[in-house]
J.: 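Here it is, the structure in full.
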Amino acid sequence: MTAESVKPSLDGLEAKWDAVWQESGTYRFDRTKDRAEVYSIDTPPPTVSGELHLGSVFGYVQVDSMARYMRMSGREVFYPMGWDDNGLPTERRVQNVYGVRCDPALPYEPGLVVEAKTDSKADKNRDVRMVSRANFLELCHELTAIDEVAFEKVWRDVGLSVDWGLTYATIDDRCRRVAQRAFLRNLQRGEAYASEAPTLWDVDFQTAVAQAELVDRDTASAYHKLAFVRADGGPAIEVDTTRPELLPACVAIVAHPEDPRYKDIAGSEVVTPVFGVRVPIVLHPLADPDKGTGIAMVCTFRDTTDIIWWRELDLPTRSILRRDGRLLEETPEWLPESGASVWPDLAGSNTKQARRKIVELLTEAGALIGDIRPIQHPVKYYEKGDRPLEIVTSRQWYIRNGARDTDRAEALIAAGRRLDWHPDFMRVRYEHWVGGLNTDWLISRQRHFGVPFPVWYRLDPSGEPTFADPILADEASLPVDPQGQPPAGFTEAQRGQPNGFIGDSDVMDTWATSSLTPQIACGWEEDDDLFARTFPMDLRPQGPEIIRTWLFSTMLRSQLEHGTEPWANTSINGWILDPDRKKMSKSSGNVVTPAALVDEHGADGLRYWACHGAPGIDTAIDYAQMKVGRRLALKLLNASKFVLGLGDDMSAAAAAGMQGAVTEAIDRAVLAKLAGVVAEATTAFEGYQYQRALERTETFFWNFCDDYLELVKLRAYGNDEGARSAQAGLAIALSTLQRMLAPFLPFAAEEAWSWWQVGSIHRAPWPSSSELFGQTGDATAEVLDVAASVLTEIRKAKSAAKRGMVTPVDRLVLTDTADRLAAFGLAEGDVRRAGVVAVVEVVEVVGVVGVDGTVDAVAAAEVATAEGVAATVTVELQAPVAT
RNA sequence: GGGCGCAUAGCUCAGUUGGUAGAGCGACGCCCUUACAAGGCGUUGGUCGGGGGUUCGAGUCCCUCUGCGCCCACCA
């Protein structure tokens, strides 16, 4: 398409320019540039599980506008994309889509083909097929590969200027290698360790869960008041509990040391109802006299406070829950005969069934006092889980994160303060999280699709593993799969044999890999040259909800490995809200797919809406804004078409303009105003205020079209010096505006640019304010301001008279101060042509000055009335002609 | 219970060091005007959440209250 040919359209621009950009490598990183010239972005790898929703697109588009600005301003932008495909979300999706479950005990079936289920909901829980670990992992890879293609399509549709040649996936060889290498180094420096300890546990997924992945959910529960008979024959002690099914795991009851009701009987014993186990009465300051009856049942383990009591009061361990959340089959050995006799009724039951049974037994024994009182209370869940977490004892890997080391925590907070946060108030979320850590970072998961721990254990002559002295993989051999490969010096035949070995069966939590995205993207220990040019990175953009996970853990890994911050800046995007301003639910975000919005409003329309949200500020979905954005994009095409149609070679006109061809005062005035806008937008972008840059540019652009363009276009049609001045001014302004809108409307800007320029606008230099000022002489904006306000008065008069805008004006009387009349005089010809004015009379007045030192015609009229002086525009229209 | 953010026109939002309240959308009216009718021009519309305070002057600074959102803690 050319400027003159047909009516400009936005349709098809996404596909057209995406193809051109890919083919010509517009966004390809030039790795010959030095670190000082490079701007590197630690793009969040989206979780590849199904479909990208609008909330993700919102933040990525904002960052893309920054990336495009940085590229135009002369930085070489390093902008990779990653896919976070390892971990539980993928496993869960594979289970649903293929109807399979992983059974590590099964042998691998080569060439196994499993059809994806068309309707996963209908087929759920039916025909579940058990497959080997290796087959399961194959299916994970198969599905994520499909999803990644779909994701890349969406990102390209919305115009992300990433270099697709730099893409990584958190399960790929490079990421597994980096994650294993970083872990081995943590281990060797003593920053990682394994420990057998009570751990929050999801009974459905059967994996340990980290502090950062907990959520509280209000859950229905009920108080049960139990009577504990005192061993010394004193009055029974009443204990409230919401977990009566854990009564057989009770190891003590605990009260506050100052509580007068209980402190004198501390150390004596009570007998648990039904089960008849003698447990001590103990004291601890964490017991709250105001909760329940003021004395609590300590079980191993009911909640995290139990762990503290158990540890600090040196209580015994009496676990009754298996890892699948059911009670033990075998009768616990600590139960006396009376308790042991009821166990067969409880064995293997889930907690709900066990609760019902135990409540029956308590009632029969007369140990349940009063009614069961239903309550709602917050309970800890795994954020991706459906049932409350339990606590089981297991061997897990941890990384020291400052929870138990004040110096490290303070160093991490100090590192956070060296980061520039956009917006700054997000910093406190990080500091609160670091300050509130209470356990080291649990990085192991008892799952399949993840990065294995590169560790084996020797088996002793009786076949028992020796955990204290693990065999570590050699860095050169990474990535390794200890469940599929033997350690050096062993053969596969020795796996599981006495004096042989076993591989660590756990995988790393997905955050243990994604905490290394700067190292992964920049080629740490893989590509030293690239690393030197890109690390530490310039920007980490991300969502506010993962400050405690991703941002914190990345900071931690970088501090441990490099002793430095991983980036200089972090920008935190806001939430997307439903149109009713509630936080967007996943379901509604998926109903409105980004692809559908691109179809309806164009990528530029969608981007315009997204770029109106400032960093960290929540933004409502607003389809009206997307329409406005689309209109702006179309306006850019139309205005470009018009300006470029004024001469045969408008880029030559722009060049002439830069050599002094802009001679008319009003043409210089528009460039002077534009120079100010360029300065403002540049400052805004440098401070990560892309939305301000957009707002200023947009406002100027509409005024440019409505006022300046209308004022000068009739003059610009000619071929004299005045026409050449207008053409030069218009060409310079158009070039500038196209470039200033390019970060926000990359497709329309590129299209309009292509009509008269060589090369991509996205590699064109960002406009220079000082260069523009160089063309304006001593011109001020006043000429344009006065002319525009007079034109507005003329339009107002015509509109009030219900006449068309081409209606001739017989006489225009302008009453104003000398300065403004002089300014008007410099643009009088343009005003007469634009307003179709026959006769102009001017009347000079004095002393009409606005409060802020400026005058415009309308405000001046209001001020002047009180002072008896008139500054007015009188418009006398030609009488209507009868037709 | 602690922290952070938000509250300005019917709607979505600007308002950078305190100095006469802005824009867009919507609504209403007008206009085929040779870049644009999927357009243009114009009009209407606000005791800046409530209450105190500082100041010559507060949407802006301080205190307080209310509502909404988010984060953290507790959870017998």
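Just so it is clear, the structure is predicted and the values come from calculations on it, not from any experiment.
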J.: Strictly distance-based, threshold 3.5 Å: is any side-chain N or O of R427(A) a donor or acceptor partner for the main-chain N or O of G416(A)?
T.: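 Yes, because the side chain of R427(A) sits within donor-acceptor range (under 3.5 Å) of the backbone of G416(A).
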J.: Give, for atom CE of M626(A) and atom CZ of R607(A), the distance between the pair rounded to the nearest 0.5 Å.
T.: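 If I round to the nearest 0.5 Å, the distance is 13.5 Å.
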J.: Given C75(B), is OP1 or OP2 found less than 4.0 Å from the side-chain N or O atoms of R302(A)?
T.: no
J.: Which residues pass the ring pair (Phe, Tyr, Trp, His ring centres under 6.0 Å) test with F704(A), sequence neighbours left out?
T.: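 Listed in chain order: Y708(A).
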J.: side-chain hydrogen bond (donor to acceptor under 3.5 Å, both in side chains) with W609(A): which residues, sequence neighbours excluded?
T.: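 Result, side-chain hydrogen bond (donor to acceptor under 3.5 Å, both in side chains) vs W609(A): none returned.
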J.: Distance from T570(A) atom OG1 to L419(A) atom CG, nearest 0.5 Å?
T.: 6.5 Å
J.: C41(B) and G67(B): how far apart are their P atoms, nearest whole angstrom?
T.: 45 Å
J.: To the nearest Å, give me how far apart CD (E695(A)) and P (G15(B)) are.
T.: 8 Å
J.: Which value, rounded to the nearest 0.5 Å, describes the distance between I265(A) atom CD1 and I295(A) atom CD1?
T.: 6.0 Å
J.: For L791(A) and C41(B), give me the distance from atom CG to atom C1', rounded to whole Å.
T.: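 Interatomic distance, CG of L791(A) to C1' of C41(B): 10 Å.
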J.: Whole angstrom is fine here: how far is it from CD in Q691(A) over to C1' in A23(B)?
T.: 15 Å
J.: With sequence neighbours left out, write down each residue that passes side-chain hydrogen bond (donor to acceptor under 3.5 Å, both in side chains) with H256(A), or none if nothing qualifies.
T.: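 Here no residue qualifies.
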J.: For nucleotides 28-36 of chain B, give me one character per nucleotide, 5' to 3': B if any protein heavy atom sits under 4.0 Å from the base, S if the only such contacts are to the sugar-phosphate, - if neither.
T.: -BSS-B-BB
J.: Check every strand shown and say whether L646(A) touches a base, only sugar-phosphate, or nothing at a heavy-atom separation below 4.0 Å.
T.: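 It contacts nothing in the nucleic acid.
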J.: Under 3.5 Å for both distances, Watson-Crick or G-U wobble, that's the pair rule; now give the dot-bracket for RNA chain B, with | marking pairs to another strand and [ ] for crossing ones.
T.: (((((((..((((.....[..)))).(((((.......))))).....(((((..]....))))))))))))....
J.: Looking across every strand, which nucleic acid part, if any, lies under 4.0 Å from D288(A) by heavy atom: base, sugar-phosphate, or nothing?
T.: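 Touches a base.
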J.: Within the structure shown, what part of the strands sits under 4.0 Å from S221(A) by heavy-atom distance: base, sugar-phosphate, or nothing?
T.: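 Nothing, no heavy atom under 4.0 Å.
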J.: Roughly how many Å apart are G69(B) and U54(B), using the P atom of each and rounding to a whole number?
T.: 35 Å
J.: Phosphate oxygens OP1/OP2 of U12(B): is one of them under 4.0 Å from a side-chain N or O of T619(A)?
T.: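 So the side chain of T619(A) is outside the cut-off, no N or O lying under 4.0 Å from OP1 or OP2 of U12(B).
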J.: For R795(A), is there any backbone N or O sitting under 3.5 Å from a side-chain donor or acceptor partner on S799(A)?
T.: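 No: the side chain of S799(A) does not pair with the backbone of R795(A).
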J.: Reckon T305(A) touches a base, only the sugar-phosphate, or nothing at all at heavy-atom distances under 4.0 Å?
T.: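 Sugar-phosphate only.
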J.: Does any residue of residues 604-614 of chain A have a heavy atom under 4.0 Å from RNA chain B, and if so, which ones, in number order?
T.: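 Going residue by residue through residues 604-614 of chain A, none turns out to have a heavy atom under 4.0 Å of RNA chain B.
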J.: Just call it for R696(A): base, sugar-phosphate, or nothing, with non-hydrogen atoms closer than 4.0 Å on any strand.
T.: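 The answer is base, as R696(A) lies within the cut-off (heavy atoms under 4.0 Å) of a base atom.
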J.: May I ask you to check whether over 12 heavy atoms, not counting those of D218(A), lie within 6.0 Å of atom CG?
T.: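 Yes.
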J.: Any base atoms under 4.0 Å from K627(A), or only sugar-phosphate, or nothing? Heavy atoms, all strands.
T.: nothing
J.: Taking side-chain contact (heavy atoms from CB on, under 4.5 Å) as the definition, give me every residue that meets it alongside A723(A), ordered by chain and number, with sequence neighbours left out.
T.: D720(A), Q727(A)
J.: Could you tell me which residues satisfy side-chain hydrogen bond (donor to acceptor under 3.5 Å, both in side chains) with Y690(A), sequence neighbours excluded, listed by chain and number?
T.: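 Y690(A) satisfies side-chain hydrogen bond (donor to acceptor under 3.5 Å, both in side chains) with Q62(A) only.
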J.: Counting any heavy atom closer than 4.0 Å, what does R692(A) reach on the DNA or RNA strands: base, sugar-phosphate only, or nothing?
T.: base
J.: Can you tell me how far P of A73(B) sits from CG of D216(A), to the nearest Å?
T.: 7 Å
J.: Restricting to nitrogen or oxygen on both sides, can you table the protein-nucleotides 2-5 of chain B pairs closer than 3.5 Å?
T.:
none

J.: For the atom pair CG (L606(A)) and CZ (F58(A)), what is the distance rounded to the nearest 0.5 Å?
T.: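 Rounded to the nearest 0.5 Å, the CG-CZ separation comes out at 10.5 Å.
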J.: Mind checking if A684(A) touches a base, just sugar-phosphate, or nothing, with heavy atoms under 4.0 Å?
T.: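 A684(A): no heavy atom of the nucleic acid under 4.0 Å.
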J.: Do you see a donor-acceptor pair shorter than 3.5 Å between the side chains of W755(A) and Q738(A)?
T.: no
J.: Please give the distance between the C1' atoms of U55(B) and G18(B) as a whole number of Å.
T.: 9 Å
J.: From NZ of K291(A) over to C1' of A73(B), roughly how many Å is that when rounded to an integer?
T.: 10 Å
J.: List in chain and number order the residues that pass side-chain hydrogen bond (donor to acceptor under 3.5 Å, both in side chains) with R355(A), two or more places apart in sequence or in another chain; answer none if no residue qualifies.
T.: E245(A)
J.: Aromatic ring centroids of W421(A) and Y430(A) under 6.0 Å?
T.: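 Under 6.0 Å, so yes.
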J.: Per the side chain to side chain donor-acceptor pair (under 3.5 Å) rule, what does the pair list look like for residues 293-304 of chain A, sequence neighbours excluded?
T.: R302(A)-D306(A)
J.: Does anything in residues 252-263 of chain A reach RNA chain B, meaning a heavy atom under 4.0 Å, and if so which residues?
T.: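 Output list: empty, so none.
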